[in-house]
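Structure record follows, encoded as structure tokens.
To find a chain, count down the sequence lines: A is the first, B the second, and so on, and within it residues start at 1. Being a predicted model, the structure only gives us computed values, none of them experimental.
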Protein chains: 2
Amino acid sequence: MTQRKVISFETIRVACKNCTLSQLCLPMGMSPEDVDRLDSIVKRSRPLHRGDHLFRSGERFRSLYVVKTGSVKTYTPSEEGGEQVLGFHLPGEIIGLDAIDQDMHACSAKVLETSAICEIPFQRFEELSSSIPSLQHQMFRLLSKEISHDAEMLLLLGKKNAEERLAAFLASMSKRLSKRGLSPTDFYLSMSRHEIGNYLGLAVETVSRLFTRFQDEGLVKVDRKHVEILDLHTMESLAGVAQAMDSRQHSN
Amino acid sequence: MTQRKVISFETIRVACKNCTLSQLCLPMGMSPEDVDRLDSIVKRSRPLHRGDHLFRSGERFRSLYVVKTGSVKTYTPSEEGGEQVLGFHLPGEIIGLDAIDQDMHACSAKVLETSAICEIPFQRFEELSSSIPSLQHQMFRLLSKEISHDAEMLLLLGKKNAEERLAAFLASMSKRLSKRGLSPTDFYLSMSRHEIGNYLGLAVETVSRLFTRFQDEGLVKVDRKHVEILDLHTMESLAGVAQAMDSRQHSN
DNA sequence: AACCCCGATTGATATGCATCAAGGCGCAAT
DNA sequence: ATTGCGCCTTGATGCATATCAATCGGGGTT
């Protein structure tokens with residue numbers, strides 16, 4: 001009687017080789033045969049929903065996860081309910097890399113909206129990457145990219161002011177979405193102002209005021225979660241150089 | 001007439017298998033034969049001196065570097081002479097991991113004091129790690145550890161106040177030095193106050209005031225670069241929980 | 001020994017952002 | 001439609017830390 005949506009999901013063949021994200025994800029640079037081998041160890045479950053966890057801090061590390069559609073936030077829960085948001089993860093991005101070393105998750109990963117996720121059992125993955133040099137290489141690159149990205153965040157949190165931080169956040173969202181074939185100037189944010197502020201090291205109120213200011217300046221048009229970037233160029237330069245409005249440089 | 005110090009350095013056989021750092025570095029968990037194979041691709045040069053660069057931002061990526069003795073700082077030079085210090089690297093720590101992805105160095109690495117450095121040509125390393133599973137595993141772990149460490153720094157810069165930052169810095173130095181068999185409570189800092197402040201996202205003056213305060217409180221004894229931690233336990237708890245002196249939690 | 005130089009310290013002041021407080025508004029449940 | 005509840009926005013105030021300014025002092029040089 002009621003159509004079960006699950007059916008269509010189960011019957012569609014979801015394979016790495018058909019995935020539009022394969023150029024962002026692990027298969028990059030691999031032969032079709034090797035992609036099949038990778039494909040054979042990847043698990044795909046039914047879609048996860050807002051609030052679901054991929055894993056929680058303290059759990060044993062077993063798998064890496066790749067966002068296929070939707071978005072995920074990672075965060076370190078600290079004592080007393082406070083938390084530090086570590087990142088927001090869009091389609092094609094890998095989650096769980098920080099857990100390899102200790103063989104345990106130090107952060108939690110929570111789904112922000114209905115999302116499809118690929119699970120990659122790590123032990124099997126390691127065996128496979130030993131026998132596929134280009135897979136090992138791609139994995140090294142992905143780990144390295146994560147480190148570069150973290151370094152950018154350190155610069156952001158260490159040196160940039162509130163305005164530059166939010167501009168950098170919006171510019172980053174824009175860039176990442178456009179790489180996935182979506183509009184770089186018109187998108188919906190799946191996270192709350194509170195989460196954005198937490199991520200950027202700012203209070204919610206500051207984030208809100210900045211959205212208002214950017215809108216007043218004609219940089220963006222904002223309606224709740226819906227963001228239109230009207231002047232991407234200015235936004236990017238705000239995000240970058242910081243000294244745009246003040247020729248003095250930070251000495252620290 | 002003048003004795004050349006270089007001689008003794010050249011004649012000593014410096015091999016991974018004799019290295020006291022092998023349990024921190026790549027050889028961890030490898031068989032003696034495989035360590036020899038790794039050893040054969042590692043290059044060792046004469047000691048580098050304060051101010052020397054291992055590499056500079058923008059250079060082509062060729063090798064990873066491991067600190068054997070001494071210390072190195074990595075930083076991103078920004079326009080106009082400003083810089084963000086990304087990290088201080090002690091013996092056993094690997095430098096250059098962030099350059100794998102783009103095949104180019106995005107940061108520079110400068111030696112802080114006379115140091116011995118191992119160079120590992122990355123292309124050969126990758127070939128080797130394909131054929132030595134435990135080497136590949138150790139490399140994944142090292143990359144992952146770097147990511148975890150960066151996440152801790154994000155927490156530090158995003159949520160901690162000045163006091164907690166400096167306490168975390170000192171506690172971290174203490175822990176890392178003791179892992180290398182040195183005193184956890186008595187050491188010399190090879191970096192300036194300015195560099196510490198830059199790293200922690202603080203002004204030099206703030207760092208200086210905090211050293212004075214910590215000393216007044218009997219936590220440390222400081223004389224220029226020489227630091228003695230008198231109350232390591234309190235220092236560590238200051239570094240961690242943050243809420244020690246203030247029961248309110250940060251909401252952002 | 002006198003001098004210089006640069007990093008470190010100390011004090012005074014300024015400011016960016018957090019915090020506190022009070023609505024406003026979209027949206028889901030009734 | 002009405003209510004209620006989060007989330008967001010806006011305004012007022014305070015504080016931690018940056019910034020500005022002056023001096024100190026250790027270590028190398030002459």
Worksheet item: If you measure only the distance, is there a donor-acceptor pair under 3.5 Å linking the side chains of A:Glu119 and A:Ser63?
Response: yes
Roughly, in whole Å, what's the span from [atom1] in [X] to [atom2] in [N]?
X: B:Leu166; N: C:dT9; atom1: CG; atom2: C1'; value: 15 Å
X: B:Phe211; N: C:dA8; atom1: CZ; atom2: P; value: 9 Å
X: A:Arg213; N: D:dT9; atom1: CZ; atom2: C1'; value: 15 Å
X: A:Asn161; N: C:dC17; atom1: CG; atom2: C1'; value: 10 Å
X: A:Arg224; N: C:dC25; atom1: CZ; atom2: C1'; value: 7 Å
X: A:Gln215; N: D:dC8; atom1: CD; atom2: P; value: 15 Å
X: B:His226; N: D:dG27; atom1: NE2; atom2: P; value: 13 Å
X: B:Glu205; N: C:dA8; atom1: CD; atom2: C1'; value: 10 Å

Worksheet item: Reckon A:Ser208 touches a base, only the sugar-phosphate, or nothing at all at heavy-atom distances under 4.0 Å?
Response: base
Item to complete: Could you pick out which residue, A:Asp223 or A:Thr206, lies toward the 5' side of DNA chain C when each is mapped onto its nearest nucleotide?
Response: A:Thr206
Worksheet entry | Cationic N near anionic O, under 4.0 Å, A:Arg180 to A:Glu93 | yes
Discussion item. What I want to find out is whether B:Lys175 reaches B:Glu236 closely enough, with some N-O distance under 4.0 Å, to be called a salt bridge.
Written reply: no
Practice prompt. Could you tell me whether the side chain of A:Arg209 has a donor or acceptor atom within less than 3.5 Å of a complementary atom in the base of C:dT19?
Written response: yes
Discussion item. Taking the ring of A:Tyr75 and the ring of A:Tyr199, is the distance between their centroids below 6.0 Å?
Written reply: no
Worksheet item: So does A:Lys225 get a side-chain nitrogen or oxygen closer than 4.0 Å to the phosphate oxygens (OP1/OP2) of D:dC8?
Response: yes
Worksheet item: Would you say A:Ser192 reaches D:dG6's phosphate, i.e. side-chain N/O to OP1/OP2 under 4.0 Å?
Response: no
